[in-house]
Amino acid sequence: MTNRNYHLVIVGYGGMGSYHGKLLKENQNINVVGTYDILEERRAASLADGYKVYESLAAVLADDSVDFVLIATPNDVHKEIAVAALNAKKHVICEKPVTIYSEELIEIMQAAKMNDRAFIVHQNRRWDEDFLTIKKVYDDLIIGDVFHIESRVQGANGIPGDWRHQKAYGGGMLLDWGVHLLDQLLFMIDSKITSVYANLSYILGNEVDDGFQVFITFENGITSLVEVGTTNFIQLPRWYAKGTTGTAVIHDWDINGKIVKQNRGVEVEAPKPIKAGQGLTKTMAPPSEKAVSTSDLPKVDKTMESFYDNVISLVEGKAEPIIKNEEVLRVLQLMETIFKSAETNEVVKDFDRVMDGKILF
Ligand code: NAD
């Protein structure tokens, strides 16, 4: 039986706010009772979609029947709305990037603790099938111990939207897409970061980055490259991982890709030299047929508790959050480090050791 006993108001009824509205239509526990947006046209859209329109944030916060505030505004106002909502004893779900600066998140975490209310960031790409697939390859040692991993998203359409072009709103691709890819990487690799080196691109002439590359090294020896581009007319694979016994590639969000593994214990012929440009090579020749086997990517378990179900389990004290605020904070601090590395053109060493002290409050 449907028992939608939690009332939620969406603050910021733009692209993502309305998407949450659609997703929550199917939810058994949460009822979207209204929205608040500063723009008249978005209020009209909310009314057309059947939601009550609140006249101000204060009106939302004064409504005792509201349990949750979901923040889907541009990034610069996440903190002030979150802190006000927590102080009004609401639980808060917030879009990513949670804030522009890590100090703002620390303030929010303090407000959540003080008011004994839940604060959860919508890092929804932890549920993406491409990510769960590479995570399974990694966790189950399908290509042996992974020692290098590359995660990329590349488009050819420039920076999207309007406010994403401006620094003051928390624009730029590091904050927009980088936060997802870095969150996935740090969620997958349970090891301290030893070095960070990054460059940001400004090819399109905006005041914010239109892409970036960051090289991250972990204490367990894994090296990684995370890359976002908005001027790529040809795309490289979404994921590429090298392990001690094989290589995995995932080309796209439809999970096209493969695993190629070295055959152990089989006597194989040495590769035959091939003509390579103006020379010959044996080193770069394809392995002989018996030397490797190709297989499909593993299937992933899709029964993981959904984002919203986990939110409800959390507020009812039945589960730990899948997305922990301390993890979100680490990603924000990593992005600050990436900006620093790109600005100074320097490798930042011992990221986690330096940051540890700041996480505690
Ligand atoms: P958008 O511009 O489409 O919508 C933002 C809405 O917020 C607009 O309607 C605007 O009028 C409203 N708004 C601005 N300031 C406000 C305020 N002070 N109070 C109330 N409403 C206000 O932007 P979007 O693409 O929907 O992005 C919104 C947030 O969602 C951003 O933080 C973005 O990073 C995030 N987002 C997340 C995902 C994801 O996959 N998790 C995808 C897209 C966007």
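Just so you know, residue 1 is the first one in the sequence shown, and it goes up from there. Any value given below was found using the heavy atoms of this structure, including those in side chains, with hydrogens, waters and symmetry copies removed.
- Contact check on Arg152 versus Glu227 returns a salt bridge, with a Lys/Arg side-chain nitrogen under 4.0 Å from an Asp/Glu carboxylate oxygen.
- Salt-bridge formation is detected for the pair Asp352/Arg330: a Lys NZ or Arg NE/NH1/NH2 atom is positioned less than 4.0 Å from an Asp or Glu carboxylate oxygen.
- With sequence neighbours excluded, the residues satisfying side-chain hydrogen bond (donor to acceptor under 3.5 Å, both in side chains) with Glu55 are Arg43.
- Salt-bridge formation is detected for the pair Lys79/Glu107: a Lys NZ or Arg NE/NH1/NH2 atom is positioned less than 4.0 Å from an Asp or Glu carboxylate oxygen.
- Here Lys135 does not pair with Glu129 in a salt bridge; the nearest charged N to carboxylate O distance is not below 4.0 Å.
- Classification of Asp130 and Arg238 as a salt-bridged pair holds, one side-chain N sitting under 4.0 Å from a carboxylate O.
- Once rounded to the nearest 0.5 Å, the distance linking CG of Leu186 with OG of Ser224 reads 8.5 Å.
- Separation of the Phe68 and His7 ring centroids does not fall under the 6.0 Å cut-off.
- A side-chain donor-acceptor contact under 3.5 Å links His148 and Thr223.
- Taking the side chain as every heavy atom from C-beta outward, Gln166 and Val208 never approach each other to under 4.5 Å.
- Using a 4.5 Å heavy-atom threshold, the side chains of Lys90 and Val66 count as touching.
- Asp176 and Lys96 are joined by a salt bridge, as a carboxylate oxygen and a charged side-chain nitrogen come within less than 4.0 angstrom of each other.
- Evaluation of the side-chain hydrogen bond (donor to acceptor under 3.5 Å, both in side chains) rule for Thr230 yields no partner, not counting sequence neighbours.
- Listed by chain and number, the residues in a side-chain hydrogen bond (donor to acceptor under 3.5 Å, both in side chains) with Tyr54 are Asp63 (sequence neighbours excluded).
- Ser102 and Glu336 form a side-chain donor-acceptor contact under 3.5 Å, judged by distance and modelled atom types alone.
- Among Lys318, Glu305, Glu320, the one residue that satisfies the side-chain hydrogen bond (donor to acceptor under 3.5 Å, both in side chains) test with Asn310 is Glu305.
- None of Asp252, Ile149, Val249 except one satisfies the side chain to side chain contact (heavy atoms under 4.5 Å, CB included) rule with Trp239; the exception is Ile149.
- Defined by atom type and a distance below 3.5 Å, a donor-acceptor pair is present between the side-chain atoms of Tyr6 and Glu316.
- For the pair Arg125 and Asp128, the salt-bridge criterion is met [side-chain N within less than 4.0 Å of a carboxylate O].
- Between the side chains of His20 and Tyr308, at least one donor N or O lies within less than 3.5 Å of an accepting N or O.
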